[in-house]
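Labels below follow one simple rule: chain letters A, B, ... track the order of the sequence lines, proteins then strands, and each chain is numbered from 1. Here the structure is a predicted model, which means the values were calculated and not measured.
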Amino acid sequence: MIKITFPDKSVREFEKGISGLEIAKSISERLAQEVLSVGVNGEIYDLTRPINNDANVTLYKWDDAEGKHAFWHSSAHLMAETLEVIFPGVKLGIGPAIENGFYYDIELPEGKTISESNFAEIEQKMLDIAREKHQYIRSDISKTEALKFFTEKGDQYKIELITDLEDGTITLYKQNNFTDLCRGPHLPDTSPIKAVKLLNIAGAYWRGDEKRKQLTRVYGITFPKKKLLDEYLVLLEEAKKRDHRKIGKELELFTFSAKVGMGLPLWLPKGAMLRERLEQFLKKVQTKYGYLPVITPHIGQKELYVTSGHYEKYGKDSFQPITTPSENEEFLLKPMNCPHHCEIYNSKPHSYKDLPIRLAEFGTVYRYEQSGELHGLTRVRGFTQDDAHIFCRQDQLKEEFLKVIDIVLYIFNVLKFDKFTAQISLRDKENKAKYIGTDENWEKAENAIIEASAEKGLNTVVVHGEAAFYGPKLDFMVKDAIGRSWQLGTIQVDYNLPERFNLEYNGSDDQKHRPVMIHRAPFGSMERFVAVLIEHTAGKFPLWLTPEQAVVLPVSEKYNEYAKKVSDLLNNYDIRSLIDDRNEKVGKKIRDNELKRTPFLLIVGEKEVENNSISVRKQGEGDLGEMGIEEFSNYIKDLVKKELIEI
RNA sequence: UGACCUAUGGUGUAAUGGUAACACAUCUGGUUUUGGUCCAGUCGUUCUAGGUUCGAGUCCUGGUAGGUCAGCCA
């Protein structure tokens, strides 16, 4: 007998070799039907795999990530089998479960192509096979046997994977006529897979290596119930509606022009207004935190970036140097603001009493991103960072870091980005050549970030190998309303640039000391931030940000004059308003302006002229009734005040 | 950068290789409106350069731009 401990700490005894499925059955028949995989001492097992020792056991269902994982992993095998049936001779790469579904990397036989027109056939075939209830059978074989098997099958990618594996046993899973190299775990059989949707096709380099062959990646998702698939498809539709590229066009916020150049956004008046409000908002916060504004040019001598190290590291990713005609001097469009700021620091000597010095600039930078990676406003070639560099003493580092975290948290709070994670990116210790700077400084910087994050109680994820080449960083990733994750704010410690630019201050000991630098950008870039904000709010911006807070709708042209008076008065009160004096019925004006997501519609007709009032409609709430103009203005100001929680 | 996909008025869509259509928007006029699309007219288009064909929006090749994903992301 073995002792099985459940998550609630209760302990029960079972026969040695009992399976997760049998344990579930002993609890309830229903649980046995719903359970998908089982955690045994932290390792995920197939439900049918015997448990031979005392163990802590957790049963995972659809609602658990571990359960979904097994479900989708098994689905990937099912899809691979189907693809082998439909495209005989297809070669298989890897096929894991991912956050939403699964994919399989395949190489199609010579001359064959796969496209979305094949999806229906594949989906149907997958369902047919699933319905036949084939078991997923695990088997352990030796490396030699495994190599023999896949050599006979002609799957060169699997052979390569096996060759790289440790010697010893290799696990294979087989269902129906399909056998795959796989660590598992899997479902007991194919029958729970009741709904299948292939999502898209994309290229993917074999083993993520740009220099190697590109395989075709087929994405799909499956569900244990048809209803869940339908819900998921609705969610995808919602995502499309929130796409910032679509809303940006509809609301006339920004545009692109092939003539201007790809990846170079053009901010339209309404988008520019929105962006300026965001900038003013941050400037105000930064002033409170002691930041000093600076302004630097858009180009700098190539030598500047050679000094900073950026040229060596990112020279090929920059717009290539502009060469002056007679002197042959080389200038780069600036890809970073920090070297400029370092030179500002260097413009005069500093005492330890001056520090910290916080230099802030909304600095526009240009990076030659490769064409295929450009995406709406989230990846562009010219963008504006809400950049600042803090020059401080080592003993001030942690406190400064904490203050920056405060700013980021305040901003996220005001904008209701409540679902964010903080990612601490550290150096890959196995590959130190990728980074510049001494071991000692890296240690110091990494510890400062870890300690500051812990002190603020941030929910952090530590990732090794994701640091910038000059230092570790703390990135804030925000999930939008539909669950996609975006990196926005970033805070980075840098011991490298102070060295390279020979930054100094005079200490109390009358000796020269090296300051530490913190790079930080709470928004990240205005472009990406606005894109995420659009998707987060579906274009219904907070009142303080929205380009037009109110539109006055005269009932007929007789009241245009009064409408003008209302709008002027509101603008005097700093309420942003427009008039819709088109020759249309009020009903149409209301509809049109609601589609434009205007927060307040102010209807004026004979009654309102008489009472010197307006009839107010609020977005999402409808008619609020009649109000005086000043009353309305105070009402709005009050709402704005509530949105902008004081620091 | 690469694989794959896409490109039709300002916007969104339609058109077995055989007359490029519809809605919204624009503009003009009518209607004079208190609560969710008033009516009529008007305007304007097959991304670009070639090719196949009696005939190309449709097929082929190059270019450009957009998209999916990978890699990259200071």
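Counting non-hydrogen atoms under 4.0 angstrom, A/Gly208 reaches the backbone sugars and phosphates but no base. A/Leu374 comes within contact range of the sugar-phosphate backbone alone, with a heavy-atom separation under 4.0 Å but no base atom that close. Here A/Lys316 lies out of heavy-atom contact (under 4.0 Å) with every strand. Residue contacts shown for A/Ser371 include a base, since a base heavy atom lies under 4.0 Å away. Heavy atoms of A/Lys589 sit nowhere under 4.0 angstrom from any nucleic acid atom. Counting non-hydrogen atoms under 4.0 angstrom, A/Tyr470 reaches the backbone sugars and phosphates but no base. Residue-level contact check: A/Ser308 touches neither bases nor backbone, having no heavy atom under 4.0 Å from any strand. Residue A/Lys607 is classed as a base contact, given a heavy-atom separation below 4.0 Å to a base. Nucleic acid contact class of A/Met336 (heavy atoms, under 4.0 Å, all strands): base. When heavy atoms are screened at a 4.0 angstrom cut-off, A/Arg245 is found touching the sugar-phosphate backbone but no base atom. No contact: A/His519 has no heavy atom under 4.0 Å from any strand. Using a 4.0 Å heavy-atom distance criterion, A/Glu606 is classed as a base contact. Using a 4.0 Å heavy-atom distance criterion, A/Gly261 is classed as making no nucleic acid contact. As judged by a 4.0 angstrom heavy-atom cut-off over every strand, A/Phe256 is placed among residues making no nucleic acid contact.
Here the two rings, on A/Phe529 and A/Phe417, have centers that are under 6.0 Å apart.
Atom CD1 of A/Ile221 and atom P of B/C69 are 14 Å apart (whole Å). If you measure from atom CZ of A/Arg528 to atom C1' of B/C73, you get 8 Å, rounded to the nearest angstrom. Residue A/Gln423 contributes atom CD, which lies 13 Å from atom C1' of B/C73 at whole-angstrom precision. The distance from atom NZ of A/Lys211 to atom P of B/A70 is 18 Å, rounded to the nearest whole Å. At whole-Å resolution of the value, CD in A/Glu369 and C1' in B/A70 are 15 Å apart. B/G35 atom P lies 13 Å from atom CG of A/Leu553, rounded to whole Å. Remark: C1' of B/G66 and CZ of A/Arg381 are 13 Å apart, rounded to the nearest angstrom. Rounding to whole angstrom units, CD of residue A/Glu252 and P of B/G12 are separated by 13 Å.
Below the 3.5 angstrom threshold, one finds a donor paired with an acceptor across the side chain of A/Glu594 and the base of B/G36.
The shortest distance between the side-chain N/O atoms of A/Tyr205 and the OP1/OP2 oxygens of B/A70 is not below 4.0 Å. Note on A/Arg367: every side-chain N or O is 4.0 Å or more away from OP1 and OP2 of B/C73. Within the 4.0 Å cut-off from OP1 or OP2 of B/U11, not a single side-chain nitrogen or oxygen of A/Lys246 is found.
A residue-by-residue look at A/Met262 and A/Asp209 shows that A/Met262 has its nearest nucleotide of RNA chain B further toward the 5' end.
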#### Entry: Dot-bracket encoding per residue of RNA chain B, Watson-Crick/G-U cut-off under 3.5 Å, | denoting interstrand
(((((((..((((....[..))))..((((.......)))).....(((((..]....))))))))))))....

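Listed by chain and residue number, A/Phe223 satisfy the ring-ring contact (aromatic ring centres under 6.0 Å, His included) test with A/Tyr232 (two or more places apart in sequence, or in another chain). Take A/Lys588 and apply the salt bridge (charged side-chain N to carboxylate O under 4.0 Å, His left out) test, not counting sequence neighbours, and it matches A/Asp592.
Between B/C22 and B/U61, the two P atoms lie 33 Å apart (nearest whole Å). One P atom belongs to B/U32, the other to B/G66, and the distance between them is 49 Å to the nearest Å. Spacing of C1' atoms, B/U19 relative to B/U46, comes out at 15 Å, to the nearest Å. For the C1' atoms, the distance from B/U52 to B/C59 is 8 Å, rounded to whole Å. Nucleotides B/G9 and B/A49 have their C1' atoms positioned 22 Å apart, rounded to a whole Å. Taking atom P in both B/C4 and B/G44, the straight-line distance is 40 Å, to the nearest Å. Taking atom P on both nucleotides, B/A21 is separated from B/U45 by 12 Å, rounded to a whole Å. Taking atom C1' in both B/U11 and B/U68, one finds a spacing of 23 Å when rounded to whole Å.
The salt bridge (charged side-chain N to carboxylate O under 4.0 Å, His left out) analysis of residues 514-525 of chain A, with sequence neighbours excluded, yields the pairs A/Glu499-A/Arg514. Legend: side chain to side chain donor-acceptor pair (under 3.5 Å) pairs involving residues 546-558 of chain A, not counting sequence neighbours: none detected.
Atom OH of A/Tyr368 sits in a sparse spot, with 12 or fewer heavy atoms from other residues, nucleotides or ligands closer than 6.0 Å. Heavy-atom contacts from other residues, nucleotides or ligands closer than 6.0 Å to CD of A/Glu312 number 12 or fewer.
Contact between A/Leu497 and A/Cys338 at its shortest, heavy atoms only, is CD1-CB, 3.8 Å.
Among the nucleotides B/A74, B/C73, B/G35, the one closest to any side-chain atom of A/Arg379 is B/C73. Listed candidates were B/U32, B/A74, B/C69. Nearest to the side chain of A/Gln492 is B/A74. Checking B/C72, B/A74, B/G36 against every side-chain atom of A/Arg617, the shortest atom distance belongs to B/G36. Among B/A74, B/G35, B/A70, the nucleotide with an atom closest to any side-chain atom of A/Phe469 is B/A74. Here the side chain of A/Glu373 is nearest to one of B/G35, B/U1, B/A74, namely B/U1. For A/Ala202, the listed nucleotide lying nearest its side chain is B/U68; candidates were B/A74, B/U32, B/U68. Set against B/C73, B/C69, B/U32, the side chain of A/Lys558 has B/U32 as its closest nucleotide.
Using a 30° and 60° split on the angle between ring planes, A/Phe632 and A/Tyr635 fall in the tilted class, from 30° to 60°.
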### Task
For nucleotides 37-43 of chain B, just jot down a letter per nucleotide in 5' to 3' order: B, S or -, based on protein non-hydrogen atoms under 4.0 Å.
BB-----

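Side chains of A/Glu608 and A/Tyr562: a donor-acceptor N/O pair is absent below 3.5 angstrom, by distance only.
Distance check: A/Asp581 CG to A/Asn560 CG gives 5.0 Å after rounding to the nearest 0.5 Å.
The side chain to side chain donor-acceptor pair (under 3.5 Å) test with A/Glu535 is passed by exactly one of A/Arg242, A/Lys241, A/His244: A/His244. Partner A/Thr82 forms a side-chain contact (heavy atoms from CB on, under 4.5 Å) with one of A/Ile122, A/Leu198, A/Val196 and no other, that one being A/Ile122.
Geometric assessment of A/Arg212 against the ring of A/Tyr205 yields a negative cation-pi assignment under the 6.0 Å and 45° thresholds.
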